[in-house]
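Lettering of chains follows the sequences in order, A, B, ..., and the numbering in each one begins at 1. What you are looking at is a predicted structure, and each value in this text was computed from that prediction instead of being measured.
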Number of protein chains: 2
Amino acid sequence: MPPTPRTSRTLTDEDLAAFKTRLCDVAEAMFAAAGADNVSMRQIAAALGVSPMTPYRYFANREAILAEVRIRGFERFAALLEAAYAATSGDAAAKAAAMGREYVDFALANANTYRLMFGEHSQEDSDESPLGRAVARARATLSVYGDGLIRAGMAEAEARAMEGLIWSTLHGAVTLELAGTTPPGSAHETLRLLGRFALRG
Amino acid sequence: MPPTPRTSRTLTDEDLAAFKTRLCDVAEAMFAAAGADNVSMRQIAAALGVSPMTPYRYFANREAILAEVRIRGFERFAALLEAAYAATSGDAAAKAAAMGREYVDFALANANTYRLMFGEHSQEDSDESPLGRAVARARATLSVYGDGLIRAGMAEAEARAMEGLIWSTLHGAVTLELAGTTPPGSAHETLRLLGRFALRG
DNA sequence: CCAAGTTGTTTACACCGTAAATTTACACTG
DNA sequence: CAGTGTAAATTTACGGTGTAAACAACTTGG
């Protein structure tokens with residue numbers, strides 16, 4: 001069978017971006033359904049209706065696709081947290097509680113995406129990298145909590161450290177549940193407990 | 001090249017167990033060095049000086065080896081926590097603090113083993129399964145903390161839930177650091193903070 | 001001594017990520 | 001308009017994976 005390229009010669013920057021976006025959309029859905037490890041390059045290409053090697057013209061390799069999807073995941077995540085913050089009326093504690101709920105709900109409802117986001121991605125998240133910036137954006141939503149502590153008289157450094165503790169607890173709760181180490185519902189239970197005595201107004 | 005089997009006919013139960021142990025020792029070391037995903041069956045077999053298919057006579061498949069190594073990891077982990085408990089003189093808070101330190105140290109010093117232990121292992125940890133029992137043993141060491149709370153007047157159910165919260169925080173802190181999402185040292189910092197206001201005697 | 005069964009080996013298959021060669025179709029020259 | 005260079009997509013090919021199946025070497029029960 002002869003090759004059947006139907007190109008329009010040297011593709012535009014937006015054509016290029018469009019393909020990348022389309023590929024990421026498809027890959028993201030497949031990853032979410034089966035876990036990133038169980039989706040091959042060939043499967044992604046087939047789902048796009050394109051030959052197995054075509055994606056390599058747009059991404060250096062498989063890892064580059066994972067990196068891109070990770071970034072998109074963090075951005076979606078951050079947007080949800082920000083929305084939860086904006087949609088909640090009340091004091092900082094109420095907003096923080098809503099964000100905590102959103103955090104756990106997102107992780108449990110998008111297990112494979114969350115696993116991909118927080119899996120071992122070799123290179124560290126320098127604030128310069130796109131991934132680092134996406135992570136920073138998600139992390140920044142946590143500052144609502146620290147801000148409340150500062151208003152209550154806590155030193156800034158300490159308040160920021162407390163944010164790290166809250167984050168650790170949320171992350172630990174959902175990953176333990178996602179791994180099957182703790183039974184279903186544990187994460188929400190932990191969240192409830194955390195809110196009870198870490199968010200007393 | 002002709003096959004060169006030098007067997008001694010129908011191997012004893014302890015011969016069988018010995019091979020499994022030897023294989024797990026080797027596999028564990030290779031996993032620790034390179035990460036489980038980067039170690040193939042063929043590599044393990046080669047390291048054992050045996051042909052690629054021989055391990056399959058002792059383990060159903062690769063996943064069965066991972067499961068076994070996971071169990072051994074949890075047992076080693078539990079033993080360390082128990083040792084930290086036994087070696088610490090003082091009240092429950094001091095013992096709990098020592099165990100928390102041991103927890104974080106183990107995870108950071110055995111990153112790949114820890115990742116394997118708490119990675120997605122498909123089947124849940126029923127208390128009937130060997131893995132479930134190994135997990136339960138590690139988890140049981142946490143009860144020291146809950147016991148202290150109960151002595152301080154907290155209801156039992158609540159105290160056990162608090163153990164889950166502590167576990168989540170420790171697990172979250174180390175996995176965030178192992179993933180590179182938080183900078184080195186963060187887990188110890190979180191541990192310090194946790195101990196400060198969760199362990200006030 | 002022979003048939004059966006246990007052990008380890010070799011071989012084989014379908015899949016993977018991706019490097020390299022190949023084909024196609026456009027955008028240019030003349 | 002013919003010819004050519006080249007970007008885009010394809011096919012092919014290579015070394016790797018997990019593991020099923022066939023096979024060879026041996027021990028043992030009859």
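Between L48(B) atom CG and dG8(C) atom P the separation is 12 Å, expressed in whole Å. In this structure, D15(A) atom CG and dA7(D) atom P are separated by 16 Å, rounded to whole Å. For the pair M41(A) CE and dA19(C) P, the interatomic distance rounds to 10 Å; values are reported in whole Å. Atom pair N61(A):CG and dT18(C):P shows a separation of 5 Å (rounding to whole Å applied). The CE-C1' distance, from M53(A) to dT22(C), rounds to 13 Å in whole Å. Atom C1' of nucleotide dG18(D) and atom OH of Y56(B) are separated by 5 Å, given to the nearest angstrom. Between D37(A) atom CG and dG17(C) atom P there is a gap of 11 Å when expressed in whole angstrom units. Rounded to an integer number of Å, the gap from L16(A) CG to dA7(D) C1' is 12 Å.
At distances below 3.5 Å, not a single donor-acceptor pair connects side-chain atoms of E102(A) with backbone N or O atoms of L81(A).
Between H171(A) and Y114(A), the ring planes lie tilted relative to each other; the angle falls in the 30° to 60° range.
The side-chain heavy atoms of E120(A) and L178(B), taken from C-beta on, include no pair separated by under 4.5 Å. Between T175(B) and F118(B), the closest side-chain pair of non-hydrogen atoms is not below 4.5 Å.
Among the atoms of the strands shown, only primed sugar atoms or phosphate atoms (P, OP1, OP2) are found under 4.0 Å from some heavy atom of Y58(A).
Within the 4.0 Å cut-off from OP1 or OP2 of dC16(C), at least one side-chain nitrogen or oxygen of Q43(A) is found. Of the side-chain N and O atoms in S40(B), one or more sit less than 4.0 angstrom from OP1 or OP2 of dT17(D).
Residue R57(B) places a side-chain atom within donor-acceptor reach of the base of dG8(C), judged by atom type and a 3.5 Å distance cut-off alone. Between the side chain of R42(B) and the base of dG16(D), no donor-acceptor pair of N or O atoms lies under 3.5 Å.
Annotation: of the two residues near DNA chain C, P52(A) and P52(B), the 5′-most nearest-nucleotide partner is P52(B).
Within 6.0 Å of the OH atom in Y85(A), the count of heavy atoms belonging to other residues, nucleotides or ligands does not exceed 12.
Taking every side-chain heavy atom of R62(B) into account, dT19(D) is the closest of dT18(C), dT19(D), dA9(D).
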